[in-house]
Amino acid sequence: MPEKLGTAVINLDLEGPVISRHLYGHFAEHLGRCIYGGFWVGEDSDIPNEGGIRLDVVEALRKLNVPNLRWPGGCFADEYHWQDGIGPRAERPRMVNTHWGDVEENNHFGTHEFMALCELLGADPYISGNVGSGTVKEMSDWVEYLTRPGDSPMARLRRGNGRDEPWRVPFWGLGNETWGCGGNMRAEHYADLARQYATYCRDHGDNTLYRIAAGASDDDYAWTETLMKQISCFGCEATPRNFFQGVSFHYYTIAGTWEAKGSATEFTADEYYRTLVRAQRVDRLISGHSAVMDCYDPGRKVGLVLDEWGTWWDVEPGTNPGFLHQQNTLRDAMVAGLHFDIFHRHAERLFMANIAQTVNVLQAMVLTDDRERLILTPTYHVFEMNKGHQDATSLAVHLRAPDAKRTVGDGELETLSASASVRDGRVLISLTNLDAEDSVALTLDLRGRTAGEPAARILTAERPQAFNTGDAPDTVAPRAFDGVERVPGGLRAVLPPHSFVTIEAPLS
């Protein structure tokens with residue numbers, strides 16, 4: 001097996017910005033089997049549940065330290081009217097989910113069920129409000145219903161539905177993809193609506209809202225600039241007006257075209273590398289949106305939010321095309337590892353990211369099969385191995401690996417990626433070797449402090465196409481890694497092809 005060489009210099013005593021735990025956020029939409037059959041099985045189910053919420057899913061996700069959960073969409077959010085999802089379930093009106101499968105939605109999973117799920121997970125709620133087909137009053141009332149203490153019309157309605165005390169709901173989305181399924185709006189029109197809706201999404205009691213304006217698709221920097229103009233002026237040093245505290249954008253990774261995205265499990269080496277080139281593009285997109293925001297907010301008070309990201313493949317054969325159910329291979333794990341390294345480098349501006357989606361949809365953490373078995377995906381394991389970066393202090397990683405590259409089409413893919421952080425006297429280093437054929441011998445030149453005995457884990461498999469099933473749940477699973485050793489001045493790691501490795505060590 002060919003072996004490439006590389007060096008990574010990490011100054012352990014030169015700390016950067018804090019990596020927000022919210023970069024490890026999740027997304028659950030009323031789409032396919034994410035909510036129904038995923039999170040929600042109902043109180044009468046034989047599957048162990050608490051109030052209808054599936055407990056094996058909760059148990060698995062709690063091991064990831066899920067920081068926040070975005071709901072109810074996605075495109076579904078802008079046709080969802082929250083008062084249809086409160087009160088006795090048998091009396092809740094039904095609707096048609098026109099975006100995803102054209103199926104009937106019974107509204108059995110609504111506001112109270114979502115808040116119960118967040119409490120079980122220990123996650124902050126991130127609610128995406130309805131701008132596309134809703135009203136300002138409807139969204140304002142929802143905020144009041146959820147968060148207002150004392151006496152008020154919505155607080156009384158909440159108490160009548162069994163919840164005395166308000167919840168803490170920090171994150172509030174002002175619509176979703178308003179340039180598309182959320183209303184097909186022009187940026188200027190939506191920017192005015194964002195100011196209007198934000199005005200009436202009020203802070204109640206001690207609950208302070210972090211309002212997130214619905215931002216761009218991919219590289220639509222003009223959309224971001226239009227929003228930033230609503231809260232500040234070009235090149236000035238004024239503190240941004242407090243209409244919204246975050247601006248979002250969405251970016252998905254595919255290997256082909258939107259009409260033919262490619263198979264989740266059957267792909268060539270060329271498609272593998274093309275996927276990673278597309279994934280690496282998120283670095284340039286974050287830089288682009290950040291640069292626009294810097295012109296209006298040089299103090300970086302407003303957060304950039306990537307609240308939909310991940311791989312998107314053709315659906316599994318034989319499944320409803322509107323349910324977006326796909327398998328999850330080692331390739332998807334490589335995409336996740338690469339994304340997190342990029343996120344960590346942008347920690348000063350990037351505040352939140354939400355993978356799409358948590359259960360049974362797109363790049364999911366867990367899958368449930370037709371025998372109701374729970375399957376942890378390769379992507380799940382990247383989240384678990386990386387959770388030590390949450391709210392840790394980032395460290396710059398200076399990579400020199402001139403041979404760790406692949407020519408892909410007209411471009412080039414850097415096949416070695418890394419990031420590092422410190423917290424509580426320990427360093428966590430994440431390393432991803434994207435090369436499908438060659439290993440990398442990497443010297444970690446650690447300066448400023450001394451690293452003690454390292455503990456390493458690895459996620460890899462025989463082929464990038466490997467994935468887990470109910471019958472073979474550990475085909476792609478982390479294990480202890482003995483390919484790391486202490487050397488004078490740091491560590492040396494030999495990374496096998498298509499592998500994700502984490503190294504943790506105490507510091508003195």
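From a predicted model like this one, the values you see are computed outputs, not experimental measurements.
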So does Asp164 have more than 12 non-hydrogen atoms from other groups sitting under 6.0 Å from CG? yes

Tell me whether Arg70 forms a cation-pi arrangement with Tyr126, defined as NZ or CZ under 6.0 Å from the six-membered ring centre and within 45 degrees of its axis. yes

Going by atom types alone, do Trp309 and Thr253 pair a side-chain donor with an acceptor below 3.5 Å? no

Taking the six-membered ring for Trp and the full ring for Phe, Tyr or His, determine whether the centres of Phe383 and Phe340 are under 6.0 Å apart. yes

Tyr252 versus Gln363, side-chain donor and acceptor atoms under 3.5 Å: no

Cation-pi check for Trp179 against Arg186: NZ or CZ below 6.0 Å from the six-membered ring centre and within 45 degrees of the axis, yes or no? no

Side chains of Ser394 and Glu15: do they bring a donor and an acceptor to under 3.5 Å? no

Could you verify whether a donor N or O on one side chain and an acceptor N or O on the other, from Asn68 and His26, lie under 3.5 Å apart? no

Return yes if a side-chain donor-acceptor contact under 3.5 Å exists between Asp332 and Thr329, otherwise no. yes

Any ion pair linking Arg54 and Asp56 (charged N to carboxylate O, less than 4.0 Å)? yes

If the condition is disulfide bond (SG atoms under 2.5 Å apart), which residues does Cys233 pass it with, not counting sequence neighbours? Cys236

List for me each residue that meets side-chain contact (heavy atoms from CB on, under 4.5 Å) alongside Asn97, sequence neighbours excluded, and say none if there are none. His30, Phe76, Glu79, His99, Trp100, Val103

Just checking, any donor-acceptor pair under 3.5 angstrom between side chains of Ser430 and Asn386? yes

Looking only at side-chain N and O atoms, does His204 offer a donor or acceptor that is under 3.5 Å from a partner on Thr147? no

Tell me if the centroids of the rings in Phe109 and Phe39 come within less than 6.0 Å of each other. no

Between Phe343 and Tyr24, ring centroids under 6.0 Å: no

Answer yes if the side chains of His81 and Glu138 hold a donor-acceptor pair under 3.5 Å, and no otherwise. yes

To the nearest 0.5 angstrom, please state how far the CZ atom of Arg300 sits from the CZ atom of Arg349. 5.5 Å

Establish, from distance only, whether the side-chain atoms of His346 and Asp283 form a donor-acceptor pair under 3.5 Å. yes

